[in-house]
Amino acid sequence: MATTSPSGSTARSSEAAQSSTVAYPSRLGPVERAAAIQALKDTELDILVVGAGIVGTGAAVDAVTRGLSVGLVEARDFAAGTSSRSSKLVHGGIRYLEQLDFGLVREALIERGLLLQRIAPHLVKPVRFLYPLHKRVFERFYIGAGMMLYDIFSYTGGRPPGVPHHRHLSRRQVLKAIPSMAPDALVGGITYYDAQVDDARYTATLARTAAHYGAHVATRVRVEGFLKVGERVVGVQAHDQESGERFEIRAKQVVNATGVWTDDTQAMVGERGQFKVRASKGIHLVVPRDRFQSKMGLILRTEKSVLFVIPWGRHWLIGTTDTDWHLDKAHPAATAADIDYLLAHVNQVLNVPLTREDVEGVYAGLRPLLAGESEETSKLSREHLVAHSVPGLVVIAGGKWTTYRVMAKDAIDAAVDALDGKIPASTTMEIPLVGAEGYQAAWNRRGRIASESGLHPARIEHLLNRYGTLTEDLLALVRDDPSLAKPLPGADDYIGAEVVYAASHEGALHLEDVLARRTRISIEAWDRGVSAAPVAAGLMAGVLGWDSAREEREVQTYLKRVAAERESQLQPDDASADRVRLEAPDIVDVDAAAAKSAEVTRTAAPKGGPARAKAASKAAQEPLPEGAEPPADE
């Protein structure tokens, strides 16, 4: 697998992109982003994918590994929407068995085995759950039969499932494994295995894999319209939100993989979509692992669906809710009622109840459900649909995180049907993500790696389970600058090298990208990254060339985000929480306001002399009020 040195002296230029290269560096730094944007301007692509969530990045990998020329653009950051705010499970979906959706469960379990064993063993790990039983005979038989079917489906993909089969436990065995369980909350239990993943990290790694095979990948590039010749879509109108430049990208086929924004994107075409996507809000709580003692996770029934308690490093994830959402899609907000709902349900089975003071972090995400006749989002379809809504435009919507690869394959299958020539079939079933090849050998050597690097074995395990064999890149950074081995303030699980690497190799352009998605500090740290923010911004500044003013803007914008999220989580309803959350500005808007102010300063200085220039300079350092325009030049 081709890699570059951490110093990044090798970058894929537009000339290299046109040469006969077997594989490219997977690095996504500032130089690579500039080269990708130039290539998007200069080249008519076979496939342009809009949206870099899990399905969009998966579609880019599927298309580029068929030998097609591919572009991938995203208005914000990799996994900035739904794909970073899931339950972080790779699972078949126990509850879908009860709905008799056997096809969806079987498909998801086959994908679970692929991700665990072939595609991303460094990122996807087995996790054990307990289903508590409340009735002695019938429930054990009924649930046990479902678990047996779950195990059988997991073997139907032509390879072992990668996890142990289910087991029945007595009440005594359950209480021994989960001492914090209330004794009167169950009569026994059944354990089974699924898998878990850092969803945001996986998506960014998928984007790097697309770049590794030659895709042109650029975040912070918003699609503002479609190019059409007659009724046919032939490309998009794009806006680089970092530079402000607007340009056109031409492609033979465009794939709309924008999740909960599908209807909005379709509206740009001027055509009515063939299906509607409805947003369902799900929230999760993060609590410290020591708040209750258990060797496994829990799955609990609620009146509407199921609730998971999921082991997550030194934490537990508790979720989720399932409610309609009609407000801002970029920043769904959790309410006090949402948080109380989850606490009330999990406390029904715990000896010592959890309180709001035990909650370290909260996050909310939106599921893109295919709208049907049901008024309850918990009953809407998790199947996916692909449509050629107009010539040249493929739309993919619905589905589950676990089945992203199948969704991506189906979308590209539809796109290549409209291309000339014989296009190879999908190969992603056999293509590992960057960092996966050689992972098991590296894991077996983790003790020796720790000894050679001088880092603690637990730190090496942490890095291997986040970067796989690309861990060597981070160790090289530490060798060059040993201070990068220090943990970040308030976030001991992460070291400085991870911040530098996020900016130099993983496409992170803003502080939020690092604290919320390349790491999970924003939900795992008690202060939600407030103390880590200045240190992380300083490390990013060296890679991205920020001056002190830009560095301070990044920190202050992140702090405002944290404050708004905390305040929104005290509100009683969605409307109030949404209003409070939106009081925090997005960093691209802050940067745009700063750029306008700087422009005023430059144009004003020659006409007003030094005094006016000084006044304008002072004004440029103050953010413009929301919606305000800079003063016109006299």
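Residue indices begin at 1 and follow the sequence shown. Since this is a predicted model, take the numbers as computed values, not measurements.
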Participant: Considering only NZ, NE, NH1 and NH2 on the basic side and carboxylate oxygens on the acidic side, decide whether Arg561 and Glu583 come within less than 4.0 Å.
Facilitator: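 Salt bridge between Arg561 and Glu583, a charged N being under 4.0 Å from a carboxylate O: no.
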Participant: Between Glu554 (side chain only) and Leu511 (backbone N and O only), is there a donor and an acceptor less than 3.5 Å apart?
Facilitator: yes
Participant: Any Lys/Arg nitrogen of Arg201 or Glu506 sitting under 4.0 Å from an Asp/Glu carboxylate oxygen of the other?
Facilitator: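 Glu506 and Arg201: salt-bridged.
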Participant: Does Asp240 come within less than 4.0 Å of Arg33, counting only side-chain N to carboxylate O?
Facilitator: yes
Participant: If the condition is ring-ring contact (aromatic ring centres under 6.0 Å, His included), which residues does His284 pass it with, not counting sequence neighbours?
Facilitator: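 Result, ring-ring contact (aromatic ring centres under 6.0 Å, His included) vs His284: Tyr363.
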Participant: Quick test of your reading of the model: are Asp77 and Arg518 salt-bridged, counting only N-O distances below 4.0 Å?
Facilitator: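 So Asp77 pairs with Arg518 through a salt bridge.
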Participant: Would you say the ring centers of Tyr494 and His462 fall short of 6.0 Å from each other?
Facilitator: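 For Tyr494 and His462, the ring centres are under 6.0 Å apart.
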Participant: In plain terms, say whether Asp574 and Lys281 are close enough for a salt bridge, that is, a side-chain N and a carboxylate O under 4.0 Å apart.
Facilitator: yes
Participant: Can you confirm whether Val277 sits close enough to Leu369 that some side-chain heavy atom of one is under 4.5 Å from a side-chain heavy atom of the other?
Facilitator: no
Participant: Between Tyr404 and Tyr202, is the gap from one ring center to the other below 6.0 Å?
Facilitator: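 Yes, close enough.
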Participant: As a quick check of understanding, evaluate salt bridge (Lys or Arg N to Asp or Glu O under 4.0 Å) for Asp324 and Arg278, giving each step before the final call.
Facilitator: CA-CA 8 Å; Asp324 234 346; Arg278 188 164 158 186; 2.7 Å; yes
Participant: So that I can tick it off, tell me whether Asp591 and Arg553 are bridged by a salt bridge, with the cut-off set at under 4.0 angstrom between side-chain N and carboxylate O.
Facilitator: yes
Participant: Return yes if some donor-acceptor pair links the side-chain N/O of Trp316 with the main-chain N/O of Arg289 below 3.5 Å, else return no.
Facilitator: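 Judged by distance alone, yes, a pair lies under 3.5 Å.
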Participant: Atom CD1 of Ile249 and atom CZ of Phe226: how far apart are they, to the nearest 0.5 Å?
Facilitator: 11.0 Å
Participant: I'd like to know if the side chain of His331 pairs up with that of Asp578 as donor and acceptor (distance under 3.5 Å, no hydrogens or angles considered).
Facilitator: no
Participant: Between Asp199 and Arg517, is there a salt bridge with N-O shorter than 4.0 Å?
Facilitator: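 So Arg517 does not pair with Asp199 through a salt bridge.
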Participant: If you define the side chain from C-beta out and look only at heavy atoms, does anything of Ile310 sit under 4.5 Å from Lys88?
Facilitator: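 No, side chains not in contact.
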Participant: Regarding Asp198 and Arg466, does a basic nitrogen lie under 4.0 Å from an acidic carboxylate oxygen?
Facilitator: yes
Participant: Just grab all the salt bridge (charged side-chain N to carboxylate O under 4.0 Å, His left out) pairs involving residues 256-265, residues at least two apart or on different chains.
Facilitator: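 For residues 256-265: Asp264-Lys329.
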Participant: CH2 of Trp325 to OG of Ser280: how many Å apart, nearest 0.5 Å?
Facilitator: 11.5 Å
Participant: Between the side chains of Thr258 and Thr265, is a donor N or O closer than 3.5 angstrom to an acceptor N or O?
Facilitator: yes
